[in-house]
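A note on names: the letters A, B, ... follow the listed sequences, proteins ahead of strands, and every chain is numbered from 1. As the structure is a computational prediction, the values presented were derived from the model and not from experiment.
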Protein chains: 2
Amino acid sequence: MRIGELAKATGASVRALRYYEEQGLIDSDRSASGQRLYGPAAVEKVLWIRQLLAAGLPSRVILKLKKCDTDGKASPEELTVLEAERDRIDKLATDLITTRDRLDHVIANSTPDAAKARAH
Amino acid sequence: MRIGELAKATGASVRALRYYEEQGLIDSDRSASGQRLYGPAAVEKVLWIRQLLAAGLPSRVILKLKKCDTDGKASPEELTVLEAERDRIDKLATDLITTRDRLDHVIANSTPDAAKARAH
DNA sequence: TTTGCCTCTGACGTCAACGTCAGGTTTTAG
DNA sequence: CTAAAACCTGACGTTGACGTCAGAGGCAAA
C-alpha cells in the first residue's frame with residue numbers, strides 16, 4: 001500500500017507518517033520512482049506508535065521500544081527508562097480517573113436541575 | 001502567602017503561577033508595592049488546575065470550568081464541552097491502561113531472563 | 001495526451017505551557 | 001545600612017508533533 005492508504009487505515013496524516021519515518025519509528029520500501037510502499041503489518045505498527053504518543057511517550061523513547069521489540073532484548077538503562085515510562089503511565093491513568101470523577105462532580109453541580117440537590 | 005511560597009506548596013514554578021493568572025485561571029490580591037498575595041485556598045486551586053492540565057485540558061477549557069465552579073451553573077454549550085472533555089479523559093484513561101499492559105508485555109520480553117520463557 | 005489526484009523533498013509556520021533573561025524594585029537577614 | 005533573596009513587568013526562546021506551502025514529478029482513466 002502507498003502512504004495515502006496507510007494514512008486512511010490508521011487515522012494518521014500523511015505528514016505524520018513521514019514524520020514517524022523521519023524519526024526512525026517506521027520503515028518503508030520504495031518503488032522505482034521513490035514512492036513509499038508499506039506491507040499490511042504497517043497498519044498495526046502505526047496504531048501502536050499512536051497509542052504510545054497518546055500516552056505521552058516522546059518519539060525518542062518509542063524508538064528505544066522499537067529496538068527492544070525487534071531485538072527482543074534491551075540494555076539495563078533502556079529497560080529502566082521503559083519501566084519508568086510504564087510507571088508514569090500507570091500513575092497518570094489513575095490520576096486521570098480521579099480527575100474525571102472530580103470533573104463529573106463539577107458538571108453535576110453546574111447542571112440546571114442540580115439546584116434541587118443543592119437546595120436539599 | 002507570596003508567590004514563591006505558593007510555588008513550593010504546589011510544585012508549580014513561579015513562572016507557571018504567573019502564567020495561570022495571565023490566563024485568568026487564578027486571582028491574586030496585591031500588596032501595596034504590587035506583589036502577589038494568596039490566601040491558603042489558592043493551594044488547592046492550583047493543584048486542581050495542574051491536575052486538569054495533566055489531563056490534557058487546555059487552559060481555555062479550564063477557564064470555562066472555573067466559571068462553572070464559581071457560578072455553580074454553565075451554559076448548555078459550555079456543559080457540552082465539559083462533558084466531551086470528561087468522556088475524552090475517560091477514554092484516554094482506559095486506553096492508557098491497555099497501553100501500559102502492552103508496554104509491560106514488551107518489557108517482559110526484553111528482560112534478559114525472559115529467554116527461558118521464550119525458549120520454552 | 002491531458003486531466004486530476006497522489007506523492008516526493010525541503011523548508012517554514014504553529015501552538016501551548018512554560019523557561020529564561022534583562023533591568024529594575026522590594027523584602028528580609030545580619 | 002547593606003547585601004542577598006524574592007518579586008515585578010516585559011519580551012524573547014524552547015520543545016514536540018505535526019500543518020502547510022512551494023515546486024516538481026508520478027499514475028490511472030478517458
Side-chain angles (χ1 to χ4, degrees), chain A residues 1-39 42 45-66 81 85 88-89 92 95-96 99, chain B residues 1-39 42 45-66 81 85 88-89 92 95-96 99:
Chain A
M1 64 195 324
R2 295 193 303 176
I3 198 171
E5 195 177 349
L6 182 59
K8 281 184 184 171
T10 59
S13 69
V14 170
R15 177 67 174 93
L17 293 177
R18 289 201 270 248
Y19 175 75
Y20 299 158
E21 180 171 333
E22 190 181 326
Q23 302 299 311
L25 304 183
I26 55 176
D27 314 304
S28 65
D29 296 327
R30 295 302 182 106
S31 74
S33 62
Q35 297 199 348
R36 290 172 179 82
L37 295 178
Y38 304 92
K45 290 183 183 178
V46 170
L47 290 177
W48 178 222
I49 288 172
R50 305 212 101 210
Q51 284 261 338
L52 292 169
L53 285 174
L57 277 81
S59 52
R60 300 183 342 268
V61 175
I62 300 181
L63 189 56
K64 289 178 188 291
L65 193 59
K66 187 200 170 195
V81 172
E85 283 297 333
R88 187 188 59 77
I89 294 175
L92 180 58
D95 284 353
L96 282 184
T99 300
Chain B
M1 64 194 325
R2 296 192 303 177
I3 198 171
E5 195 177 351
L6 181 59
K8 281 185 182 170
T10 58
S13 69
V14 170
R15 177 66 174 94
L17 294 175
R18 288 201 269 250
Y19 174 74
Y20 299 157
E21 180 171 333
E22 189 181 326
Q23 302 299 310
L25 304 182
I26 55 177
D27 314 304
S28 64
D29 296 329
R30 295 301 181 107
S31 74
S33 63
Q35 297 200 350
R36 290 172 179 80
L37 296 177
Y38 303 92
K45 289 183 183 178
V46 170
L47 289 177
W48 177 223
I49 288 172
R50 304 213 101 209
Q51 285 262 337
L52 292 168
L53 285 174
L57 276 81
S59 52
R60 300 182 344 266
V61 175
I62 300 180
L63 189 57
K64 288 178 189 291
L65 193 60
K66 186 200 170 194
V81 172
E85 284 296 333
R88 187 188 59 78
I89 294 174
L92 179 58
D95 284 354
L96 283 183
T99 300

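Listed by chain and residue number, nothing satisfies the salt bridge (Lys or Arg N to Asp or Glu O under 4.0 Å) test with A/Glu5 (two or more places apart in sequence, or in another chain). Shown here are the side-chain hydrogen bond (donor to acceptor under 3.5 Å, both in side chains) partners of A/Thr99, two or more places apart in sequence or in another chain: B/Gln51. Partners of B/Arg60 according to the side-chain hydrogen bond (donor to acceptor under 3.5 Å, both in side chains) rule, which considers only residues two or more places apart in sequence or in another chain, do not exist here. Partners of B/Arg18 according to the salt bridge (Lys or Arg N to Asp or Glu O under 4.0 Å) rule, which considers only residues two or more places apart in sequence or in another chain, do not exist here. Remark: A/Lys66 engages A/Asp27 in a salt bridge (Lys or Arg N to Asp or Glu O under 4.0 Å) (not counting sequence neighbours). In this view, A/Arg15 satisfies the side-chain hydrogen bond (donor to acceptor under 3.5 Å, both in side chains) rule with no residue, not counting sequence neighbours. For B/Ser13, there are no side-chain hydrogen bond (donor to acceptor under 3.5 Å, both in side chains) partners, not counting sequence neighbours. Qualifying side chain to side chain contact (heavy atoms under 4.5 Å, CB included) partners for A/Lys45, counting only residues two or more places apart in sequence or in other chains: none.
The stretch residues 2-10 of chain B comes close to DNA chain D through B/Arg2, B/Ile3, B/Gly4, each having a heavy atom under 4.0 Å from the strand. Near DNA chain C, defined here as any heavy-atom distance below 4.0 Å, the residues from residues 11-29 of chain B are B/Ser13, B/Arg15, B/Ala16, B/Tyr19, B/Tyr20, listed numerically. Contacts between residues 51-61 of chain A and DNA chain D, defined by a heavy-atom separation below 4.0 Å, involve A/Leu53, A/Leu57, A/Pro58, A/Ser59, listed by number.
Between A/Tyr20 and A/Thr10 the shortest side-chain heavy-atom distance does not fall below 4.5 Å. At a threshold of 4.5 Å between non-hydrogen side-chain atoms, the residues A/Gln35 and A/Ile3 do not count as touching. Considering only heavy atoms from C-beta on, B/Ile89 comes within 4.5 Å of B/Leu57 through its side chain. Side-chain contact between B/Met1 and B/Leu37 is absent, with no heavy atoms from C-beta onward closer than 4.5 Å.
Along DNA chain C, the nucleotide nearest B/Ser33 and the nucleotide nearest A/Arg36 are compared for position; the residue whose nucleotide lies closer to the 5' end is A/Arg36.
Taking a heavy-atom distance under 4.0 Å as the criterion, the stretch of DNA chain C touched by chain A extends 5' to 3' from C/dC6 to C/dA11.
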